[in-house]
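Quick notes on the structure that follows.
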Amino acid sequence: MEPQSKTSAKDIFINLGAIVALYTTVVSLVNLLFTIINNAYPQINNGYSFLGSTSISWPVATIIIFFPIYILLMWLLEKDYKVNPDKQNSGIHKWLTYITLFLAGITLAIDLITILYYFIDGQEVTTAFLLKVLALFIIVGLIFYYYLADARNKLTAKSRNMFRIIALVIAIAAIVWGFAVLGSPRSQRLMKYDEQKVNDLTNIKGSLESYYATHGSLPASLQEATASDYYVPAVDPQSNLPYEYTKTGAQTYDVCAEFNTATPPATKPNIYMRPIGYESWTHPAGHYCFSETINPNLYAKPIPKY
């Protein structure tokens, strides 16, 4: 029988904290790598795709905070194990170790099944797909190997340090790669501004359509259309200047904004799916106008005001 050590509140806190920090770091790292791969190797197709964020700010920030927390908590555990070796056999440590092994094993199996399915089904295996499979396999494989060795009490101080160094190199390499592909923190901020502008123009388009449905005509100015729609922003969040709106015909108009960057290739075609047809919000850098057309057949009879 293996000796059992009494589990204290401190042991529970450190073990749970380490596992939570590990899972959070891994999810953020995978998210970061997938975002980078999507942008570095965009999928080329003729279909539509939903607009997705190309920002890596959240996963990078999460890794920078949670990865050191994980390393610190694991160092505290290792330090405690040197004084009380039997604590490696405590219930909380064993449970969390085997749960992690189970989740890592399931993820590896699904990863291998996915690539095998694509091969058997004759589907195209793109560079982006292979890189995602490889990234997931390496990250989860290292976790599985580490915790398997830990469960078998095969880890030494040297091997633990080796795993720390490997994990640190992977995290730093992913962050550097992310900034190389998607730009610096300043570039990320500019892209967030552009995403917000596209979202604002979408809301403005909805407000203009609502106005047309009610009045049977387009408004003369943007302020007239958004006067009652307080949730529709009519001002550019970056410049604090009003968005441009020009009525070009009975059912046609332009909405314009100043964009910092062109729509990233990974989000092209930048299209929202609508109940009837599609609308594209793909834009270049600089001042750009979207020419929109109201379908009068959708609003044959103006909605009466009460």
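If you're wondering where the values come from, they're calculated on a predicted model, not measured in any experiment.
- With no hydrogens or angles considered, no side-chain donor-acceptor pair links Glu258 and Tyr288 at under 3.5 Å.
- Here CZ of Phe67 is found 10.0 Å from CG of Leu22. Values are rounded to the nearest 0.5 Å.
- Considering all non-hydrogen atoms of both residues, Gly17 and Leu73 come closest at C-CD1, 3.3 Å.
- Between the CD1 atom of Ile175 and the CG atom of Leu33 there is a distance of 10.0 Å, given to the nearest 0.5 Å.
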Worked verdict on Ile37 versus Trp177 for side chain to side chain contact (heavy atoms under 4.5 Å, CB included): CA-CA 10 Å; Ile37 292 170; Trp177 188 25; 3.9 Å; yes
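- Of all non-hydrogen atoms in Phe290 and Thr282, the two that sit nearest each other are CE2-O, 3.6 Å.
- Side-chain N or O atoms of Thr24 include none that pairs as donor or acceptor with a backbone N or O of Ala21 at under 3.5 Å.
- Counting only N and O atoms by type, the side chains of Asp254 and Ser291 include a donor and acceptor under 3.5 Å apart.
- Contact annotation: the side chain of Glu292 never approaches that of Glu209 to less than 4.5 Å [non-hydrogen atoms, C-beta and beyond].
- Nearest heavy-atom pair, Tyr212 versus Ala250, reported as atom, atom and distance to 0.1 Å: CE1-O, 4.0 Å.
- Proximity of Asp200 to Pro237: side-chain heavy atoms (C-beta onward) are separated by under 4.5 Å at one or more points.
- Side chain of Asp194 to backbone of Thr261: a donor-acceptor contact under 3.5 angstrom is found.
- Of the possible donor and acceptor atoms, one in the side chain of Ser207 sits under 3.5 Å from a partner among the backbone N and O of Ala225.
- Residues satisfying the ring pair (Phe, Tyr, Trp, His ring centres under 6.0 Å) criterion with Tyr70, sequence neighbours excluded, are absent altogether.
- Listed for the Thr246 side chain is no donor-acceptor partner under 3.5 Å among the backbone atoms of Thr248.
- Interatomic distance, Leu155 CG to Leu148 CG, rounded to the nearest 0.5 Å: 9.5 Å.
- Between the Tyr245 side chain and the Pro219 main chain, a donor and an acceptor come within less than 3.5 Å of each other.
- Ring centroid separation for the pair His283 and Phe259 comes in under the 6.0 Å cut-off.
- Considering only heavy atoms from C-beta on, Tyr118 stays 4.5 Å or farther from Val133 through its side chain.
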Tyr243/Val255 under side chain to side chain contact (heavy atoms under 4.5 Å, CB included): CA gap, chis, key distance, verdict: CA-CA 7 Å; Tyr243 286 112; Val255 284; over 6 Å; no
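- Interatomic distance, Leu72 CG to Ile14 CD1, rounded to the nearest 0.5 Å: 8.5 Å.
- Note: Leu29 CG to Leu136 CG = 10.0 Å, rounded to the nearest 0.5 Å.
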Side chain to side chain contact (heavy atoms under 4.5 Å, CB included) assessment of Arg160 paired with Asp150: CA-CA 10 Å; Arg160 290 180 190 274; Asp150 184 48; 3.5 Å; yes
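- Screening Gln196, Arg189, Lys197 against Gln238 for a side chain to side chain donor-acceptor pair (under 3.5 Å) leaves a single residue, Lys197.
- Between Asp80 and Lys10 there is no salt bridge, since none of the side-chain N atoms of the basic residue sits less than 4.0 Å from a carboxylate O of the acidic one.
- Listed here is the closest heavy atom pair of Val198 and Thr202: O-OG1, 2.8 Å.
- Between Lys132 and Asn38, the closest side-chain pair of non-hydrogen atoms falls below 4.5 Å.
- Residues Asn240 and Asp236 have side chains that never bring a donor and an acceptor to within less than 3.5 angstrom of each other.
- Listed by chain and number, the residues in a side-chain contact (heavy atoms from CB on, under 4.5 Å) with Phe137 are Leu108, Asp111, Leu112 (sequence neighbours excluded).
- There is a side-chain donor-acceptor pair under 3.5 Å between Ser159 and Thr156.
- Within 6.0 Å of the CD1 atom in Ile65, the count of heavy atoms belonging to other residues, nucleotides or ligands does not exceed 12.
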Side chain to side chain contact (heavy atoms under 4.5 Å, CB included) assessment of Phe129 paired with Thr114: CA-CA 10 Å; Phe129 173 78; Thr114 301; 3.9 Å; yes
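- In terms of heavy atoms, Pro68 sits closest to Ile63 at CD-O, 3.6 Å.
- Closest approach of Thr97 to Ala151, counting heavy atoms only: CG2-CB, 3.9 Å.
- The closest side-chain heavy-atom distance from Ile294 to Leu208 is not below 4.5 Å.
- In this model, a donor atom of one side chain and an acceptor atom of the other lie less than 3.5 Å apart for Tyr23 and Thr100.
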Chi angles and distances behind the salt bridge (charged side-chain N to carboxylate O under 4.0 Å, His left out) call for Glu78, Arg164: CA-CA 12 Å; Glu78 182 183 357; Arg164 291 192 189 103; 2.5 Å; yes
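- At least one side-chain heavy atom of Val26 sits less than 4.5 Å from a side-chain heavy atom of Ile139.
- Taking 4.5 Å as the limit, every side-chain heavy atom of Leu218 sits out of range of all side-chain heavy atoms of Tyr211.
- When side chains are defined from C-beta on, Phe144 does not count as touching Thr107, because their heavy atoms never get closer than 4.5 Å.
- Distance CD1/Ile166 to CD1/Ile138: 11.0 Å, rounded to 0.5 Å.
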